[in-house]
Amino acid sequence: MRPSPSIPAWAFLALFTLFQWRLLLFFICFSFPSPAAATVTQSMAANKTDDEALLAFKSKISQDPRGVLNLWNDSLHFCKWPGVTCGRRHRRVTMISLRSKNLVGLLSPSVGNLSFLREITLTNNTIHGEIPHEIGKLFRLQVLTLTNNSLEGQIPSNLSRCTNLIDLSLGNNKLRGKIPEELGYLSKLTQLSIYENHLQGEIPHSVGNFSSLEILSGSENFFEGSIPQALGQLKSLTALGLGGNKLSGMIPSSLYNLSLITIFSFGDNQLHGSLPSNLGLSFPHLQQIDVRNNRFVGQIPLSISNASELRLVLLAYNHFNGKISNSFGSLPYLTLLGLNENSLGDGEEDEMHFLGSLANCSSLKVLGIGENRLGGSLPNTVGNLSTSMFYFGLSGNQISGVIPEDIGNLVGLTLFDLSRNRVSGKIPSSIGNLQNLQRLSLYDNGLSGRIPSAVGNLSWLSELYLDFNMLQGDIPSSFKNCTTCCHYIFLIIPLVAAYPQNSLAFPLCQFH
């Protein structure tokens, strides 16, 4: 037999080296996961973090009468839980939206672990306790809406770290303390709503850094001191509401450069000064102005007619003087004109002429000019005012003449108050056309004659004041038709001829 050829030593060495490399490759592959495997592992860990954070959120809710959170359990992936939205790519929680679910409980600090969160909306619930500082870790957060809850404590200063925040709405809670200076770092913020809380102190000058801010709503708090000049830097501002505080001083002139303003509200403060003559030119898009119950003086700017989008004008309870001009008649969308409790007018004969111009305001619903010094008589054109007007208050002026018969055209009226003036003549029977009337106040004038029987046919009438006039005759029998109101009021009607004691109070029920 021929001997088999021997294998050279170098061949054994090559085979052994190849085996070593394969073995090493095996250990490398199974000791270190691939990038894809690492991604899966990380995703599982992230999902566990989000899952645990949501369950911790649920654990702090003590009452869920609608069972919204019942499905927050292992039977479903958390991305399918009611009120939860996840991103498509990473399947991480990006939104918690549980608006108006009647939830009662605390806001868990665990929300700070939802690192992909962009929106938290818990409006219209009963969430109490403090706003967790952990929310300040959510650098992706854009919307934090906690309006209409029972939150207490202070606004966390570290919310300033949420630099992508666009909407911070904390209105109608029980928050205390000051507005943190640090919030000025939120340069992307477009809405800051902190109304109806217990916030106090001065408004920080850092609000001037909200370069993107469009809405600032801080009414019904306890802010004091002056209004910062820095607010005039917010060129994107459209709505500015700081009514119902303790602000003093004058409105900074810089604010009148905010040409995009639609809502300008500073009512119920301690402000003084006057409104600029170019107000309507400075605010061409103005829809609401409310400076009632302050200490403003001077005349109402004629330029207000240039703000043709105006709907609400509240200048009541100040010290404005001069005549009421016809300029309001140039406001086609005007719905409320409140000028009562000022020093308007001087008792001159032409001071009611402006009423004719208001016939152009077809949307007018509230007209209050009571408690001024307005003279003159009601023009016949008063009957051309909007039939949708339900409030017409003229009390406490120096108005003379008679009540026009055309007053009966204002069929939408629920209140007509002409008390404490100098009106004479008879009560027009056309008053009976005002079938929606609930309060008719004509006391302390010089009215004479009989009470029109048509007044007794006003089925919704609950208050009728005719005392301190010179009315005569009997109480019309038609008053017994007023069955709706008899349980609620007493009429005070002095009838000189029938009741010499000059005043008589009686319930309508006595007619039944």
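Nothing fancy with the numbering, it's 1 onward along the sequence.
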Item to check | Derivation of the side chain to side chain contact (heavy atoms under 4.5 Å, CB included) call for Phe296 and Leu315 | outcome: CA-CA 9 Å; Phe296 289 104; Leu315 310 181; over 6 Å; no
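- Between Glu214 and Ser212, the side chains place no donor N or O within less than 3.5 Å of an acceptor N or O (distance only, hydrogens not considered).
- Under the 3.5 Å distance criterion, with hydrogens and angles disregarded, no donor-acceptor pair is assigned to the side chains of Asn197 and Asn173.
- Counted by atom type alone, Asn148 and Asn172 present one or more donor-acceptor pairs between their side chains at under 3.5 Å.
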Checklist entry - What do the steps show when you test Glu371 against Arg420 for salt bridge (Lys or Arg N to Asp or Glu O under 4.0 Å), and what is the final call? => result CA-CA 9 Å; Glu371 313 307 322; Arg420 292 182 291 112; 2.5 Å; yes
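- Within 6.0 Å of the NE2 atom in His77, the count of heavy atoms belonging to other residues, nucleotides or ligands exceeds 12.
- For the pair Arg292 and Tyr317, the cation-pi criterion (under 6.0 Å, within 45° of the ring axis) is not fulfilled.
- Ring geometry, Phe264 versus Tyr256: the interplanar angle falls from 30° to 60°, so the pair is classed tilted.
- A 4.5 Å side-chain heavy-atom check between Phe283 and Ile263 finds every atom pair outside the cut-off.
- Checking side-chain atoms of Asn245 against main-chain N and O of Gly243 turns up a donor-acceptor pair under 3.5 Å.
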Checklist entry - Taking it one step at a time, do Lys101 and Asp64 satisfy salt bridge (Lys or Arg N to Asp or Glu O under 4.0 Å)? => result CA-CA 8 Å; Lys101 303 300 183 184; Asp64 177 15; over 6 Å; no
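- Residues Ser388 and Ser386 have side chains that bring a donor and an acceptor to within less than 3.5 angstrom of each other.
- A distance-only check finds a donor-acceptor pair linking the side chain of Asn318 to the backbone of Val291 [under 3.5 Å].
- Once rounded to the nearest 0.5 Å, the distance linking CZ of Phe416 with CD of Gln438 reads 15.5 Å.
- A 4.5 Å side-chain heavy-atom check between Leu192 and Ile215 finds every atom pair outside the cut-off.
- Rounding to the nearest 0.5 Å places CZ of Arg140 at 10.5 Å from OG1 of Thr94.
- A side-chain donor-acceptor contact under 3.5 Å links Lys188 and Asn164.
- Judged by the 6.0 Å distance and 45° axis criteria, Arg161 is not positioned over the aromatic ring of Phe139.
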Item to check | Derivation of the side-chain hydrogen bond (donor to acceptor under 3.5 Å, both in side chains) call for Asn294 and Asn269 | outcome: CA-CA 6 Å; Asn294 280 285; Asn269 278 289; 4.9 Å; no
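- Residues Thr85 and Arg118 have side chains that never bring a donor and an acceptor to within less than 3.5 angstrom of each other.
- A donor-acceptor pair under 3.5 Å links the side-chain atoms of Asn125 to the main chain of Asn102, judged by distance alone.
- Remark: Glu224 does not engage Lys246 in a salt bridge, criterion side-chain N to carboxylate O under 4.0 Å.
- The aromatic ring centres of His90 and Phe116 sit less than 6.0 Å apart.
- Not one N or O on the side chain of Asn209 forms a donor-acceptor pair closer than 3.5 Å with the backbone of Leu186.
- The nearest pair of heavy atoms linking Leu410 to Leu385 is CD2-O, 3.5 Å.
- Note: Trp81 and Trp72 have parallel aromatic rings, judged against thresholds of 30 and 60 degrees for the angle between ring planes.
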